[in-house]
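We name chains A, B, ... by the order of the sequence lines, and we start the count at 1 in each one. Heavy atoms only: backbone and side chains are in, while hydrogens, waters and symmetry mates are out. In this text, all values refer to a predicted model and were calculated from it rather than measured experimentally.
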Amino acid sequence: MKIKIVVGTALLGLILFHQVSAQQTSYPSRFGFGRLATTTEIALWDIDVRPDGKGLPAGQGDVLKGKVIYTSKCMACHGNNDTDLSKIKLPAPLLVSDTLAKSRPKAIGNYWPYATTLFDYIRRTMPYNQPGSLTDNEVYSITAYLLYANKIIKQNQFLNAKTLPGIVMPAKKLFIMDDRKGGPEVR
Amino acid sequence: MKVQKKDKQVIKSNKISRRTLLAGMVAAAVLPVNPIFAKHVQTGPHTVPEPPEDPTKTIGPGPSAQGKRSTFEHPIRKFSETSSRSPLQDFHSTITPSDLHYERHHAGVPIIDPQKYELLIHGMVERPMKFTLAELKRFPAVSRICFLECAGNFRGGKEELTPQEILGLTSQSEWTGVMLSTLFREVGADPKALWFLAEGSDAAVMTRSVPVKKAWDDAMIVYAQNGEAIRPEQGYPVRLLLPGWEGNMNIKWLRRIELSDEPYMTREETSKYTYPVKDRIRMFSFEMDARSIITFPSYPQKIMPGWVEIRGIAWSGRGKIEKVEVSTDAGKTWQDARLQDPVLSKAHTYFRHLWQWNGNPTEILSRAVDETGYVQPTLQQLAEARGTAMGGYHMNPITSWQIKTDGSTLFKPE
């Protein structure tokens, strides 16, 4: 009985040893490199906004304030209302986005499927010469002004984390996911 | 006569002699604007050694810390404010020299200190983590050769276009880094996560949503390009690499990955990099469709009657190139071109086809077929499938060169 246990334990040890050496030549479940990120570190970089509103900050903005900010911080590049700055490639006219003048205008009103994208994009990149310099309230206000200029919201509508995700963009119904998988058919 | 010839040589090689430079500096000191010298000074104060009559009779310069191209070779990117194009017509094989890799930036090239660099992975994970560059390099490394191509890579409209101008927003490198799946295991990716957001640390803080399945397939976090650290224009110190997928998604200067159960619908995946297909707008076209281009002969080259080796590249974002067909009679008949081994998946594949030109005007074309059976379409086929307002993204039509009686080659705009 005692011998059996000893032999059994030795066998088990041998099997375990084999498993360990096998693991040494393949990937471990974790390497242990890197470190845990702190919530402060994550919050500093986690600026994205999803269509369902996840990521939208506190604060509020309105059309009239947005128009004032637009005039001072955006108009030089993007033009005023529907004034076309078609000769300029990078900066773009307000309602025509930064596309070539010859092609079909891809504007906020006819080509942007989500209003949250406006907030996210303006906050992370604009103004072009001072990216990331706008306050959240300013971004809400510019977003409101652009949506108003595209006849999507009324002049008296306020935008915040609650109201912005609820806005249905006219172009949303046009967007389809690419489902091509290769093969002979040209689509 | 001799002086004239020498002057011509100087301009052609973008070089100036020391004497010219000194004279230019003196003139510039006296006259603020001197157009003759201004043109020279712009090209930089290089010197071209006059080649000896017989190189076997002169000892040349010895070893140096850093090699340079022959002073007789001047491949250059053609650049605008937002992009630069690879000189496809100057390449004899498929690896793009790193300094000639195409560029597309949305707010310039950021300068990032590799000592301070960190990659954050968070969201739907067990352990949100940060990795330094040194830590990323400790993980098991993988190298892979693949192309990168801008989704807007195609330009036509006139006859006087080079391959670089038509299709120069594609390049190929050998990339080295860690598989994204390795990092996803390290942070304990939630099996319910379907997408991840990749974010750059440039002034555009560029973001794209990527299906998580690509991470488990072949996505990589790369820090090396053609054996050395990635070039600043290609994302130094770290970029995302999604083999075969549109260039814009391969986020450069990568600082953050967030796992999520739905896409973020960023500006670049909604109002950009999407295109009208009849009465709808198609989004999330990830794979680059198979295509090819003949890079020789091409504008502004000239051929002579007799044997001509037609050369070019073909590639597909969906796998290997199965075959490339070449037509030398304006598309009436097609022959299989020879493919240069090894034919790699999602990689530029060099093709060659011997042709005896009889001196009659004609058109030469190439079309790629990939391993899914996809055949590179004509522009007309694309227009029939998508409508005439299809825009400029994911356009991969067969391109055609006209050979004139005098051997000159012109692009055929459609």
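With respect to the salt-bridge test (charged N to carboxylate O, under 4.0 angstrom), the residues B:Asp261 and A:Arg50 qualify. The pair B:Glu118-A:Arg35 meets the salt-bridge criterion, with a side-chain N (NZ, NE, NH1 or NH2) lying under 4.0 Å from an Asp/Glu carboxylate O. With respect to the salt-bridge test (charged N to carboxylate O, under 4.0 angstrom), the residues B:Glu199 and A:Arg124 qualify.
The parts of A:Ile47 that come within reach of chain B are both its backbone and its side chain, each placing non-hydrogen atoms under 4.5 angstrom from that chain. In this structure, chain A has a heavy atom under 4.5 Å from the side chain of B:Leu197, while its backbone stays farther away. Residue B:Asp202: no heavy atom, backbone or side chain, is found under 4.5 Å from chain A. The parts of A:Phe175 that come within reach of chain B are both its backbone and its side chain, each placing non-hydrogen atoms under 4.5 angstrom from that chain. Using a 4.5 Å cut-off between heavy atoms, A:Lys54 contacts chain B through its side chain alone, with no backbone atom that close. With a 4.5 angstrom heavy-atom cutoff, B:Arg138 touches chain A via backbone and side-chain atoms both. Residue A:Asp46 touches chain B through both its backbone and its side chain, counting heavy-atom pairs closer than 4.5 Å. Only the side chain of B:Glu258 comes within contact range of chain A, with heavy atoms under 4.5 Å apart.
Between A:Thr125 and B:Ala204, the shortest heavy-atom contact is CG2-O, 3.0 Å. Between A:Asp120 and B:Thr207, the closest heavy-atom pair is OD2-OG1, 4.4 Å. The two atoms that bring B:Glu186 and A:Phe33 nearest to each other are OE2-N, 3.4 Å, heavy atoms only. The two residues B:Tyr264 and A:Pro51 have their closest heavy-atom pair at O-CD, 3.4 Å. For the residue pair A:Val186 and B:Val375, the shortest heavy atom distance occurs at CG2-O, 4.5 Å. When all heavy atoms are compared, the tightest approach of A:Gly34 to B:Phe131 is CA-CD2, 3.6 Å.
With respect to chain B, the highest number of heavy-atom pairs below 4.5 Å among A:Thr38, A:Thr39, A:Asp52 belongs to A:Asp52. With respect to chain A, the highest number of heavy-atom pairs below 4.5 Å among B:Glu268, B:Met283, B:Glu135, B:Glu287 belongs to B:Met283. Counting heavy-atom pairs closer than 4.5 Å to chain A, the top residue among B:Glu384, B:Met206, B:Arg318, B:Arg255 is B:Arg255. Options B:Ser285, B:Gly188, B:Ala107 differ in how many heavy-atom pairs under 4.5 Å they form with chain A, and the most are formed by B:Ser285. Comparing B:Gly392, B:Ser260, B:Gly391 by how many heavy-atom pairs each has under 4.5 Å with chain A, the most go to B:Ser260.
A side-chain N or O of B:Thr274 and one of A:Tyr111 form a donor-acceptor pair less than 3.5 Å apart.
Using a 4.5 Å cut-off on side-chain heavy atoms (C-beta onward), B:Arg256 and A:Asp48 make contact. When side chains are defined from C-beta on, A:Ser29 does not count as touching B:Arg185, because their heavy atoms never get closer than 4.5 Å. A 4.5 Å side-chain heavy-atom check between B:Phe284 and A:Ile176 finds every atom pair outside the cut-off. Using a 4.5 Å cut-off on side-chain heavy atoms (C-beta onward), B:Tyr374 and A:Pro184 make no contact. The shortest distance between side-chain heavy atoms of B:Arg267 and A:Trp112 falls below 4.5 Å.
A cation-pi contact, defined as under 6.0 Å to the ring centre and within 45° of the axis, links B:Lys130 to A:Trp45.
When ring centroids are compared, B:Phe139 and A:Phe31 come within the 6.0 Å threshold.
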